[in-house]
Structure formats: C-alpha cells, structure tokens
Number of protein chains: 2
Amino acid sequence: MATIKDIAKVAGVSVTTVSRALNGYDDVNEKTRARIKSVAEELNYSPNAVARSLVKSKTETIGLLVSELSLSGAKDMFTYEIMCGINDSSSNKGFDLILFSTNSAKQKAKSYSQLCRERQVEGVIMQGVKIDDPYLIEVIDSNIPCVLIDVEIEGENVGYVSTDNVFGAQIAVKHLTNLGHRNIAIMNGHDQALVSQRRLTGYKKQLEEASIPFQENYVLNGNFNEQQAEEMAYSFFQERPEVTAIFCASDLMALGVMSAAKRLGLKVPDELSIVGYDNITLAQYVQPQLTTVDQDKYQMGYKAAKLLIDMLEGNKTNRKVILDNQLIIRETTAEPK
Amino acid sequence: MATIKDIAKVAGVSVTTVSRALNGYDDVNEKTRARIKSVAEELNYSPNAVARSLVKSKTETIGLLVSELSLSGAKDMFTYEIMCGINDSSSNKGFDLILFSTNSAKQKAKSYSQLCRERQVEGVIMQGVKIDDPYLIEVIDSNIPCVLIDVEIEGENVGYVSTDNVFGAQIAVKHLTNLGHRNIAIMNGHDQALVSQRRLTGYKKQLEEASIPFQENYVLNGNFNEQQAEEMAYSFFQERPEVTAIFCASDLMALGVMSAAKRLGLKVPDELSIVGYDNITLAQYVQPQLTTVDQDKYQMGYKAAKLLIDMLEGNKTNRKVILDNQLIIRETTAEPK
DNA sequence: TTGTATGCGTTATCAG
DNA sequence: CTGATAACGCATACAA
C-alpha cells in the first residue's frame with residue numbers, strides 16, 4: 001500500500017508537493033507533476049479516503065437508512081427501485097452509499113445521530129420509516145442533512161420527496177365513481193404511514209365531489225399486507241354485498257383482495273372493481289391485470305439523492321419534492337352491474 | 001462533535017485513559033471508568049470511526065460490488081434478495097456495507113483494487129459479474145478477500161458461493177424426460193455467464209441419461225432477457241414443431257417463451273412444456289403458474305457474507321459454498337400429447 | 001514553485 | 001492504574 005510518503009521519497013520531493021500535484025493544484029511545476037504522477041502509477045498508488053476524510057472532515061458518503069431491508073419487501077420492488085435511483089444519482093455526484101439497516105433492537109442500542117456521526121456520513125436518506133419512528137424526532141434536531149421518502153417533514157436540514165398521495169387516491173376513486181360505482185370501500189395501510197392518511201383524504205375528497213356520503217365502516221386497514229388484506233376483505237364482502245368497488249392503498253393488498261374475491265366467487269371486475277396503488281411488476285402479470293396508480297419509484301430515489309446533495313452543496317433549492325403519479329387502467333375495473 | 005479530548009478535559013484524565021475506559025480495557029479503575037462514561041454520555045459523544053479506522057487500518061466495512069444495480073433487475077428480485085441476505089449476515093457481525101455500483105465506464109477509470117483500497121474495505125462481495133469481467137482477474141491477484149456469487153473462482157483470498165447449476169438443470173430436464181418428452185430445447189443465457197455453461201452441461205447430462213441425442217440447434221441463447229427470449233422462441237417453434245418442451249435458464253426468459261407460445265397459439269402445457277429457473281415471485285402469479293428450479297437467493301447472500309467474514313477473521317473454512325436448489329413443479333409442464 | 005510544521009481523532013507503545 | 005508521545009495518511013497555513 002503505497003502512500004504519498006513513498007511517492008515523495010521516490011520522486012525526491014516533499015509530501016506536500018505530492019499531495020498538491022495529485023490533487024491538481026496549479027501551483028506546481030508541470031514537470032514535477034508529471035514525474036510524481038508517473039511514480040504514483042508505478043507504485044500503484046491509490047489515495048486513502050479514510051485519511052483524507054479525517055483531515056477534511058468530509059467522507060463523500062451518504063447513509064441509506066432503510067427501516068427494513070428484508071424479504072418481506074421482495075414482492076413489491078419498492079425499496080429496490082428506490083435504491084437504484086439513489087445509487088445512480090449519488091454515484092453521478094461522486095458519493096458513495098453506505099447501508100444502514102436498522103430494526104427496533106438496534107435503534108435502542110444506537111441513536112440516529114450516533115449512527116451517522118460514527119460513520120461520519122454527510123447526509124442520509126431514509127426510506128420506509130413509520131411516522132412514529134423514534135429516529136424521526138432525532139432527524140429534526142440533528143444538524144446532519146436528511147431527506148425523507150414519503151414522510152413530510154421539512155426543516156433547516158431536512159427535506160422530503162413524495163408523490164401527491166391525495167391526488168393519487170383521488171384519481172383512483174374518481175375512476176371508480178366515473179364508472180358509476182357508489183359503494184366504494186378502501187383498503188388502507190395503517191395509521192403510522194403518512195401515505196395512508198393522505199390516501200384516505202383523497203378517497204374522502206373524491207367521495208365528496210361525487211356526493212357520496214363517507215362511511216366509516218367502509219374503511220379497512222390491511223397493514224400493507226397481502227394476507228391480512230385477503231382475510232379482511234373476505235369477511236368484509238360477506239357482510240357488505242352492496243359494495244361494488246374497492247380502492248387499495250397498495251397493489252400487494254389489492255392482490256390479497258383479488259384472492260378473497262376468488263374465494264367468495266366474486267367476479268372481477270364484473271361484480272367487484274379493484275384498483276391498487278404502486279404499479280408493482282406483478283400488477284400486469286396477474287389475471288385480470290390490475291388497474292393501479294403508478295408511482296415512479298426510481299425517480300423518487302433519484303430525486304431524493306439529488307435533493308440531499310444539493311443541500312450538502314449548499315444550493316438553495318426547494319426542500320420539498322412532490323412527484324406526479326398516474327392512473328394505469330387495466331382490467332380489474334368496470335361498470336357495476 | 002465531542003471527541004475523547006473533550007471528555008478527557010472534563011473528566012480530568014488523559015485521552016489515553018478515556019480511550020481505554022470506553023473500549024472496555026480492564027486496566028482502568030472502575031471508578032474512573034464510570035466517571036468517564038458519564039461524561040461521555042453528557043457530551044453526547046460518539047466515537048469517530050474514520051479516525052479509528054485510520055489508526056487501526058480496519059474499517060469494519062465490506063464492499064458490495066454489483067455489476068448493475070439497475071431497474072433491469074427489478075423483475076427478478078435476484079440482486080435484492082441476495083442483498084438482504086448479505087445485509088443481515090454482515091450486520092450481525094458488525095460490518096457495514098458500502099455499495100460499489102460500477103459499469104464498464106467506471107471500470108476503465110478505476111481499477112478494482114483502487115476502488116477497494118480507496119475506501120479501505122476489508123473485503124468485497126461481487127454479484128452479477130460476467131465471466132469476462134476485467135475486475136475478475138484483479139480479484140485473483142489482489143490480496144483483499146473476496147467472495148464471488150455464481151462465479152467459481154477459488155484462491156488464497158477468494159471464495160465463492162453458488163448453487164449446483166448442473167444438478168439444477170438436470171432435475172429440470174429430468175422432470176421433462178420423465179414426463180415423456182424427447183425433443184427438448186434449451187433457452188440459455190449467454191456464454192459469459194458461468195451458470196449458463198453449467199446449466200447447459202446439466203441439460204446435456206440428462207439427455208444422455210435418457211439416451212436422447214444432443215442437438216446443437218436445440219440450444220438458444222436469450223441473453224437472460226425476456227424480450228429476446230420471446231423473439232427467439234417465436235421463430236424457433238415455427239421451424240421446429242417437433243419440439244414439445246423447453247428448459248429455460250431463467251424465469252424471465254421462460255416468461256418470454258410463454259408469450260411466444262401464446263402468440264403462436266401453442267397451448268402450455270398441453271402442446272408445450274416449459275420449465276424455468278430461479279423461482280422469481282412472478283413465477284407463481286403468471287397463468288399457468290411456472291414450473292421452475294428454486295434458488296435460495298437470500299441464503300446465497302447470507303452465506304456469502306458469512307464466508308467473507310470467516311475469511312477476514314482468519315477462520316479456516318471451506319472457500320467454496322454450494323447450495324442446493326430444488327424443482328418446483330407447477331402448471332407449465334405436462335406429458336406430451 | 002516547493003518544503004516545514006501542524007493537526008484531524010483515535011489507538012498503541014512505553015514509561016511511570 | 002495512568003499519562004506522554006508517536007503514529008495512521010493526508011491536507012493545509014505558512015514560510016522560504
């Protein structure tokens with residue numbers, strides 16, 4: 001492992017000169033620079049980012065905090081696609097990504113700021129955190145820049161990227177009301193998810209616009225879980241045969257609802273219209289193909305990293321990025337009989 | 001940002017003592033240790049891993065080198081599931097993960113060992129690299145420990161984890177021959193993938209055991225790409241109506257073949273039996289559900305990280321981990337008519 | 001244009 | 001049991 005010291009010795013100059021030569025300072029003779037460079041190559045030198053970080057107190061590293069990097073997320077490719085976006089965006093800017101995967105056990109052992117300062121990350125991107133996650137409060141107070149995905153907190157050092165979930169839900173439900181449905185249920189996630197709150201709002205909003213009274217007992221919480229959604233839907237539709245359509249806050253849950261419909265002998269879309277949310281890969285492979293609201297996950301990640309790096313570089317940009325989403329009409333929706 | 005220096009000042013001791021107290025050395029008075037600890041807490045101290053790394057020349061970091069962390073991999077969750085396994089395994093052992101995503105452009109700019117030494121990673125896991133990847137030669141010569149996934153290179157500092165691809169292909173084809181098929185094609189990936197070579201071997205092996213002559217023109221290369229596989233299959237089956245079954249080296253390609261069959265009006269499985277490889281999520285959602293060979297991707301990642309860490313810790317373990325895979329019989333295979 | 005000296009935060013060596 | 005001091009590899013203020 002050659003160091004600048006070794007190069008200095010061989011090249012017959014001081015370490016200072018080596019450092020400056022290699023870092024492109026212009027106050028160094030081009031001839032010596034050339035010599036130093038060739039020596040560096042000869043010695044197969046590569047700079048030690050650790051040492052450099054220490055002295056510059058800059059690591060060029062951003063932390064990626066995913067609440068659960070687990071197989072449970074394997075079906076919806078949510079986390080993965082976001083990561084791809086983050087990765088592309090940040091590697092463009094020369095930042096490396098370090099993976100912080102935590103669970104509640106680890107959270108107790110190590111606070112958010114400890115985690116960050118320990119690794120000296122310059123900023124962090126958080127994804128998949130619930131609204132009551134203890135780290136969230138820390139983020140606000142902390143002075144290390146952070147961008148949240150799908151959690152709407154804004155501040156001096158914190159921004160977020162999300163999609164317009166109220167709008168997304170509304171176009172989904174509007175599609176249903178336009179088709180003539182009046183009794184529309186909603187399979188929501190859980191109250192700790194901001195997106196769930198928003199989507200419920202969008203659902204209500206569209207009901208109101210269509211002059212349909214909101215009914216509390218038409219809202220179910222499937223916890224974003226396929227099985228759970230299936231079970232809930234199974235018993236729900238037995239009790240509520242008047243319901244002809246359901247809006248689901250995730251495609252995974254929509255899949256669960258489809259299974260329930262199958263078990264109940266309800267024909268989709270003739271007897272039951274279903275619209276999902278996310279546009280996961282599976283959505284276009286199931287039969288019938290799922291009508292859903294598309295979110296550009298890659299773009300969310302990409303923009304998140306971009307925002308963070310802008311913040312790090314001191315660019316005065318909007319700390320709030322809202323992306324569009326769009327309705328993808330496929331085969332699970334139709335007019336009520 | 002409090003440092004041990006600050007603590008030392010407040011606690012009225014030297015930095016040495018602080019360091020030792022905090023790191024649990026036993027040659028420090030328990031009373032002073034208690035005092036130091038309380039001061040540390042008070043100052044909200046967290047150790048600077050960068051500084052520590054510099055002096056110990058240990059970063060407790062392993063590099064994850066994925067040839068392409070891209071959306072193209074979003075359908076098969078291959079990379080993601082492997083990452084989950086790696087992450088769980090390595091975080092158990094206190095290693096952090098740093099993401100190196102490269103493409104050929106970056107590879108030209110920076111060599112493998114430069115990449116590693118720069119970030120001072122202690123070891124690396126590589127996934128998704130082709131057999132002719134320039135980094136691969138470097139890995140062998142390099143003295144930094146590395147474990148490859150699905151690339152069978154073994155050495156002083158390099159190990160690998162893979163599944164038994166010969167066996168996997170063989171059980172797939174055996175399933176077909178057992179059903180009575182005699183004219184069996186293979187949709188392989190490409191020659192730069194070791195797994196393709198192995199699976200071809202398995203295919204041939206089983207043909208031989210079933211006394212079926214191997215036919216060169218029954219092997220197609222779909223480049224692990226759904227569209228490409230579809231196109232190739234589309235023209236192939238027009239020319240070769242005698243073929244009643246096909247073994248695909250990936251589920252994605254099997255999906256492509258299914259589309260081709262649909263376009264050609266070939267009924268699956270009655271007129272054409274298809275078996276895939278990977279057991280991706282989609283496999284059980286398509287109609288008919290895909291018969292395939294399951295690989296435990298999570299486990300591959302988990303074992304890879306475990307092997308690497310064993311190597312790092314100097315444990316004398318086998319540098320070669322081969323996992324089982326198993327045939328999952330679903331609905332795309334049947335006896336030939 | 002180049003070199004000397006200093007420090008980043010930590011651990012290790014050695015002496016007390 | 002504790003404290004100076006050096007060292008890790010690099011960058012930078014200042015001097016020459």
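Letters A, B, ... are given to chains in the order of the sequence lines, protein chains preceding strands, and every chain is numbered from 1. Quantities reported herein were computed from a predicted structural model and do not represent experimental measurements.
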message: Rounded to whole Å, how long is the line connecting atom OH of A/Tyr45 with atom P of D/dG9?
response: 10 Å
- line: To the nearest angstrom, the CZ-C1' distance between A/Arg117 and C/dC8 comes to 17 Å
field: Length of the line joining B/Ile7:CD1 and C/dT10:C1', which is rounded to integer Å
entry: 12 Å
- prompt: Does the side chain of A/Arg119 pick up a donor-acceptor pair with the side chain of B/Thr61 at under 3.5 Å?
  reply: yes
task: Remember a base hit wins even if backbone is also touched, and classify A/Val15 as base, sugar-phosphate or nothing at under 4.0 Å, heavy atoms.
output: nothing
query: If you measure only the distance, is there a donor-acceptor pair under 3.5 Å linking the side chains of B/Ser46 and A/Glu118?
result: no
- prompt: Within this structure, what is the NZ-to-C1' distance between A/Lys56 and C/dC8, rounded to whole angstrom?
  reply: 13 Å
field: Side-chain H-bond candidate by donor/acceptor type, A/Asn92 with A/Tyr302, under 3.5 Å
entry: yes
- request: For B/Val28, answer base if it contacts any base atom (sugar-phosphate contacts may also be present), sugar-phosphate if it contacts only those atoms, and nothing otherwise; contact means non-hydrogen atoms under 4.0 Å.
  value: sugar-phosphate
task: Would you classify A/Thr3 as touching base, sugar-phosphate or nothing, given that sugar-phosphate means primed atoms plus P, OP1 and OP2, and contacts are heavy atoms under 4.0 Å?
output: sugar-phosphate
message: Counting the atoms with a prime plus P, OP1 and OP2 as sugar-phosphate, which does A/Asn48 contact under 4.0 Å by heavy atoms, base, sugar-phosphate, or nothing?
response: sugar-phosphate
- prompt: Can you find a side-chain donor-acceptor pair between A/Ser162 and A/Asp150 that sits under 3.5 Å?
  reply: yes
field: Residues A/Thr17 and A/Ser14: side-chain donor-acceptor under 3.5 angstrom
entry: yes
- request: Would you please confirm or rule out a distance under 4.0 Å between OP1 or OP2 of D/dC1 and any side-chain N or O of B/Tyr25?
  value: no
- request: Pick base, sugar-phosphate or nothing for B/Thr32, based on heavy-atom distances below 4.0 Å to the nucleic acid.
  value: sugar-phosphate
statement: With five pairs defining each end axis, the helix from C/dT1-D/dA16 to C/dG16-D/dC1 comes out bent, to 10°, by 40°
task: Scan B/Val13 against the nucleic acid and name what it touches under 4.0 Å (heavy atoms): base, sugar-phosphate only, or nothing.
output: sugar-phosphate
task: Can you check whether any acceptor in the base of D/dA4 is under 3.5 Å from a donor in the side chain of B/Thr16, or vice versa?
output: yes
